[in-house]
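The structure displayed is predicted, hence computed values, not measured ones. In what follows, chains carry the letters A, B, and so on, assigned in the order in which the sequence lines appear, proteins first and then strands, with residues in each chain numbered from 1.
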2 protein chains.
Amino acid sequence: MIFSSKLIEDAVQEFSRLPGIGKKTALRMVLQLLSMDKPEVDEFTGAVSRMRHGVKFCKECHNVSDSDICVICVNPGRNRRQVCVVESLRDVIAVESTGQYAGLYHVLGGILSPLDGVGPEQLNITSLCERVKNNEVTELIMALSPTIEGDTTVYYIARQVKELPVTITTIARGIAFGGELEYADEMTLAKSIAKRLPIENYVTMK
Amino acid sequence: MIFSSKLIEDAVQEFSRLPGIGKKTALRMVLQLLSMDKPEVDEFTGAVSRMRHGVKFCKECHNVSDSDICVICVNPGRNRRQVCVVESLRDVIAVESTGQYAGLYHVLGGILSPLDGVGPEQLNITSLCERVKNNEVTELIMALSPTIEGDTTVYYIARQVKELPVTITTIARGIAFGGELEYADEMTLAKSIAKRLPIENYVTMK
């Protein structure tokens with residue numbers, strides 16, 4: 001692409017570094033910003049800059065936060081006995097958006113993957129064990145990806161806390177609500193039959 | 001979506017104002033920016049801010065420019081007798097990227113569309129007529145959308161300059177190179193047969 005303005009070219013270049021954004025999409029965004037009023041664009045750049053410089057990570061659960069301890073950890077209405085262990089911030093947002101979970105979180109910052117050089121030291125596992133040891137946590141809900149790496153991470157954490165009085169559970173796997181049986185993969189379908197639920201449970205889940 | 005940080009929420013909000021960006025994509029971009037080093041993010045916001053505050057519009061052709069007259073208009077190597085009339089900056093970039101056009105441009109800033117309240121006063125048509133009158137322009141190449149609005153705009157401009165010694169042409173319409181006949185719409189196919197070319201022209205075009 002040939003631009004007749006270095007300023008436009010630089011902005012397009014910066015946008016196309018973002019995930020999933022090619023040159024054409026970047027140009028579309030830059031032209032949109034160009035058509036916006038200057039104060040609006042200042043608002044845009046200001047929000048991005050404030051976000052990057054201002055965001056902290058919660059000292060308790062490693063979630064993003066505007067203060068040292070995040071709004072979820074300081075909320076007295078949350079069940080402090082349950083901790084949902086997730087891979088990333090995105091998972092916290094996904095679970096929070098369901099509005100159905102009232103416990104706390106622990107963001108690992110990834111999952112064990114020796115091939116990619118991610119060992120236990122790279123993840124927030126030590127601080128998780130400390131939380132279980134020092135607080136009244138009675139259940140760790142593992143909400144990790146159903147991959148070999150995810151399962152390895154669950155297994156590793158389970159071993160680390162096996163001497164402590166804590167129950168470890170994982171989120172249920174099965175056919176999605178609204179999912180059609182014929183499109184489900186064999187593994188999920190087989191597991192969902194093996195782990196079938198009494199009909200009373202099904203009614204309660206709805 | 002529920003965020004545990006107002007700063008993240010604000011940044012996602014700003015990104016989702018851009019065209020084609022929903023909340024989830026915006027979040028992906030924000031998390032990418034969050035994972036980048038602070039100087040890199042400053043580079044990003046700086047480029048956007050400099051772009052919006054620094055970009056000018058060429059006094060000659062209304063293209064974007066870093067100075068009063070754009071690099072295309074000041075280039076002595078360009079053919080000043082040909083002016084390609086386009087709707088927007090994006091079209092200038094598209095034509096320039098072909099590397100096959102050596103004339104000048106004129107950016108209208110839209111096309112005539114009375115229903116949307118776009119009349120001749122909203123477009124850069126007066127300045128186009130001035131350019132034709134005062135300069136040595138001998139050909140206006142209309143590269144507008146093949147819609148009713150585009151055709152109306154071509155017709156309107158043609159009427160404005162009909163007393164002046166200038167030829168008006170439009171870019172060729174037809175089946176795209178690599179396009180399959182069976183997928184072409186009837187209108188394009190019919191026109192491409194009606195406006196068929198002698199075989200010598202075809203060979204030269206390749």
* Asked: chain A heavy atoms under 4.5 Å from Asp37(B): which part of the residue, side chain, backbone, both or neither?
  -> backbone

* With Met51(B), which of Val12(A), Leu34(A), Val41(A), Asp10(A) fulfils side chain to side chain contact (heavy atoms under 4.5 Å, CB included)? -> Leu34(A)

* Residues of residues 76-92 of chain B within contact distance of chain A, non-hydrogen under 4.5 Å -> Leu89(B), Arg90(B)

* With side chains defined as the heavy atoms from C-beta onward, is the minimum distance between Ser4(A) and Val64(B) less than 4.5 Å? -> yes

* To do: Could you pull out all residues at least two apart from Ser5(A) that satisfy side chain to side chain donor-acceptor pair (under 3.5 Å)?
  => Asp66(B)

* Report the distance from atom CG of Leu18(B) to atom CD1 of Ile21(A), rounding to the nearest 0.5 Å. => 9.0 Å

* Asked: Would you say the side-chain atoms of Arg52(A) pair up with the backbone N or O of Met36(B), donor to acceptor, closer than 3.5 Å?
  -> yes

* If you take all heavy atoms of Met29(B) and Met29(A), which pair is closest and at what distance? -> CE-CE, 3.6 Å

* Can you tell which of Arg50(B), Glu43(B), Lys24(B) has the highest number of heavy-atom pairs within less than 4.5 Å of chain A? -> Glu43(B)

* What part of Ile72(A) lies closer than 4.5 angstrom to a heavy atom of chain B: side chain, backbone, both or neither? -> side chain

* Against chain A, label Gln13(B) side chain, backbone, both or neither, depending on which of its atoms sit under 4.5 Å from a heavy atom there. => neither

* Structure fact -> Comparing Val48(A), Leu33(A), Thr45(A) against chain B, the one with the most heavy-atom pairs below 4.5 Å turns out to be Thr45(A)

* To do: May I ask you to check whether over 12 heavy atoms, not counting those of Glu186(A), lie within 6.0 Å of atom CD?
  => no

I'd like a table of donor-acceptor pairs (distance under 3.5 Å, sequence neighbours excluded) in which one partner is a side-chain atom from residues 54-61 of chain B, with atom names and distances.
none

* Ile69(A), CD1: over 12 other non-hydrogen atoms inside 6.0 angstrom -> yes

* **Non-hydrogen side-chain atoms of His53(B) and Asp42(A) separated by less than 4.5 Å** => yes

* Asked: Minimum heavy-atom separation for Met1(A) to Ser97(B), with atom names?
  -> CA-OG, 3.4 Å

* Asked: What closest approach, in Å, do Arg17(A) and Gln32(B) show between heavy atoms, and which atom pair accounts for it?
  -> O-NE2, 4.2 Å

* Asked: Got more than 12 heavy atoms from elsewhere within 6.0 Å of CD, Glu136(B)?
  -> yes

* Asked: So which of Leu27(A), Thr98(A), Leu31(A) has the largest heavy-atom pair count under 4.5 angstrom toward chain B?
  -> Leu31(A)

* Asked: Side chain, backbone, both or neither: which part of Glu9(A) has a non-hydrogen atom closer than 4.5 Å to chain B?
  -> neither

* **Qualifying ring pair (Phe, Tyr, Trp, His ring centres under 6.0 Å) pairs, either residue in residues 85-121 of chain B, two or more places apart** => His62(B)-His106(B), Tyr101(B)-Tyr105(B)

* **Phe15(A) and Phe15(B) aromatic ring geometry - parallel, tilted or perpendicular at 30°/60° bounds** => perpendicular

* Asked: Top residue by heavy-atom pair count (under 4.5 Å) with chain A, among Ala47(B), Ala94(B), Gly20(B)?
  -> Ala47(B)

